[in-house]
Peer 1: 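One structure, pasted below without further comment.
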Amino acid sequence: MARILVADDDPLLRALLQHKLAAEDHQIFAAEHGGEVLDMVRDHAPDLIVLDAMMPVMDGFEVLRRLKADAGTRDIPVIMLTALKREQDVVGGLQLGAADYLAKPFIPDELVQRIRRLLATAQMEQGHDRSRRPG
């Protein structure tokens with residue numbers, strides 16, 4: 001079970017993702033605007049973040065920039081899930097440190113599979129880091 005933060009200003013999308021991801025036995029936290037995300041990351045230490053780019057208070061790109069600039073949060077995988085699909089948006093999000101980028105409209109089961117892959121990769125990397133440490 002992973003802790004996943006879903007950040008999107010659309011309540012229907014948040015509800016859909018909460019339902020889909022809870023069915024995968026994940027613990028879900030939700031934020032409706034960018035200003036909430038950084039507080040929720042500190043409070044809940046998510047294993048992964050699904051982040052919309054276009055949100056009130058602080059957009060997702062600025063949230064991502066701040067997460068990746070902080071040593072305590074830079075390793076949290078972030079999937080950008082947004083209606084912005086221009087090349088500059090996709091490439092910009094990946095350059096800022098997003099682990100993946102998915103444009104809306106999207107296939108919910110595809111997102112679930114991408115989340116599974118990222119969580120498995122993060123788990124393998126954590127195990128690899130521990131095995132390199134002297135005992």
Side-chain angles (χ1 to χ4, degrees):
M1 176 176 82
R3 293 176 315 278
I4 299 175
L5 173 57
V6 174
D8 198 294
D9 59 333
D10 180 343
L12 292 175
L13 184 90
R14 284 194 316 273
L16 168 70
L17 293 181
Q18 285 177 303
H19 174 74
K20 285 296 267 187
L21 297 172
E24 294 282 313
D25 289 328
H26 298 302
Q27 185 177 5
I28 312 305
F29 305 97
E32 66 180 283
H33 62 77
E36 288 181 312
V37 175
L38 299 175
D39 290 336
M40 293 189 84
V41 167
R42 281 189 292 277
D43 294 345
H44 300 292
D47 299 304
L48 183 137
I49 300 169
V50 178
L51 181 64
D52 186 16
M54 296 185 299
M55 292 186 295
V57 180
M58 182 187 309
D59 73 36
F61 293 114
E62 181 59 26
V63 170
L64 181 60
R65 194 175 287 110
R66 291 180 187 201
L67 289 169
K68 295 307 175 180
D70 184 325
T73 59
R74 75 171 44 122
D75 293 331
I76 301 171
V78 176
I79 297 177
M80 295 294 295
L81 179 64
T82 180
L84 298 177
K85 41 185 137 189
R86 295 176 306 178
E87 180 180 348
Q88 66 194 41
D89 298 317
V90 176
V91 172
L94 295 171
Q95 285 176 332
L96 285 173
D100 206 344
Y101 195 105
L102 192 57
K104 297 175 187 174
F106 67 103
I107 302 165
D109 288 334
E110 177 185 1
L111 176 63
V112 169
Q113 292 304 315
R114 289 173 185 247
I115 287 171
R116 280 185 188 163
R117 178 182 49 82
L118 283 171
L119 289 172
T121 300
Q123 222 172 20
M124 285 180 8
E125 288 173 357
Q126 286 175 350
H128 183 69
D129 287 346
R130 280 190 212 114
S131 68
R132 291 192 296 165
R133 291 184 193 145

Peer 1: Would you give the length of the straight line joining atom CG of Leu16 to atom CG of Asp8, rounded to the nearest 0.5 angstrom?
Peer 2: 10.5 Å

Peer 1: With a 4.0 Å cut-off on N to O distance, would you call Asp52 and Arg14 a salt bridge?
Peer 2: no

Peer 1: Can you tell me how far CG of Leu64 sits from CD1 of Ile76, rounded to the nearest 0.5 angstrom?
Peer 2: 11.0 Å

Peer 1: Are the side chains of Pro77 and Leu48 in contact, using a 4.5 Å heavy-atom criterion?
Peer 2: yes

Peer 1: Do Phe106 and Leu21 land in one hydrophobic cluster if side-chain heavy atoms of ILVMFWY residues count as linked below 4.5 Å?
Peer 2: yes

Peer 1: With Asp39, which residues qualify under salt bridge (Lys or Arg N to Asp or Glu O under 4.0 Å), at least two apart?
Peer 2: Arg42

Peer 1: Sequence neighbours excluded, which residues qualify as side-chain contact (heavy atoms from CB on, under 4.5 Å) partners of Arg116?
Peer 2: Glu24, Val112, Gln113

Peer 1: Evaluate the side-chain contact (heavy atoms from CB on, under 4.5 Å) criterion for residues Met80 and Asp100: first the C-alpha distance (whole Å), next the side-chain angles of each, then the deciding distance (0.1 Å), finally the verdict.
Peer 2: CA-CA 6 Å; Met80 295 294 295; Asp100 206 344; over 6 Å; no

Peer 1: Show the nearest heavy-atom pair for residues Leu84 and Ala53, with the distance to one decimal.
Peer 2: CD1-CB, 3.8 Å

Peer 1: When you compare the side chain of Val41 with that of Phe29, does any pair of heavy atoms fall below 4.5 Å?
Peer 2: no

Peer 1: Please tell me whether Met54 and Leu94 are part of a single hydrophobic cluster in this structure, the criterion being side-chain heavy atoms less than 4.5 Å apart.
Peer 2: yes

Peer 1: Quick one: do Leu5 and Val50 satisfy side-chain contact (heavy atoms from CB on, under 4.5 Å)? Show the steps, please.
Peer 2: CA-CA 6 Å; Leu5 173 57; Val50 178; over 6 Å; no

Peer 1: Report the distance from atom CG of Leu17 to atom CG of Asp10, rounding to the nearest 0.5 Å.
Peer 2: 9.5 Å

Peer 1: May I ask you to test the Asp9-His33 pair for a side-chain heavy-atom distance under 4.5 Å?
Peer 2: no

Peer 1: How close do Gln18 and Ala30 get, counting heavy atoms only, and between which atoms?
Peer 2: NE2-CB, 3.6 Å

Peer 1: To the closest 0.5 Å, what do you measure between CD1 (Ile4) and CG (Leu119)?
Peer 2: 5.5 Å

Peer 1: Lys68 side chain to Arg74 main-chain N or O, any donor-acceptor pair under 3.5 Å?
Peer 2: yes

Peer 1: Report yes or no: does Arg3 contribute a side-chain atom to a donor-acceptor pair with the main-chain N or O of Ile28 at less than 3.5 Å?
Peer 2: no

Peer 1: How about Glu110: does its CD atom have over 12 heavy atoms from other parts shown lying under 6.0 Å from it?
Peer 2: yes

Peer 1: Looking at residues at least two apart in the chain, or sitting in another chain, which of them share a side chain to side chain donor-acceptor pair (under 3.5 Å) with Arg65?
Peer 2: Glu62

Peer 1: Would you call Lys20 and Asp109 a side-chain contact if the rule is heavy atoms closer than 4.5 Å?
Peer 2: yes

Peer 1: For the pair Met58 and Arg66, evaluate side-chain contact (heavy atoms from CB on, under 4.5 Å) and give the outcome as yes or no after the intermediate values.
Peer 2: CA-CA 11 Å; Met58 182 187 309; Arg66 291 180 187 201; 3.3 Å; yes

Peer 1: Looking only at heavy atoms, what is the nearest atom pair of Ala31 and Val37, with distance?
Peer 2: CB-CG2, 4.0 Å

Peer 1: Please check if the side chain of His26 supplies one atom and the backbone of Ala2 the other of a donor-acceptor pair under 3.5 Å.
Peer 2: yes

Peer 1: OG1/Thr73 to CG/Leu38 distance, rounded to the nearest 0.5 angstrom?
Peer 2: 7.5 Å

Peer 1: Please step through side-chain contact (heavy atoms from CB on, under 4.5 Å) for the pair Leu102 and Arg114, ending with a clear verdict.
Peer 2: CA-CA 9 Å; Leu102 192 57; Arg114 289 173 185 247; 3.7 Å; yes

Peer 1: If you measure from CG on Leu118 to CD1 on Ile49, what distance do you get to the nearest 0.5 Å?
Peer 2: 12.0 Å

Peer 1: Looking at Leu96 and Phe61, what are the two nearest heavy atoms and their distance?
Peer 2: CD1-O, 3.8 Å

Peer 1: Among Thr82, Val78, Leu81, Ile79, which residue meets the side-chain contact (heavy atoms from CB on, under 4.5 Å) test with Tyr101?
Peer 2: Thr82

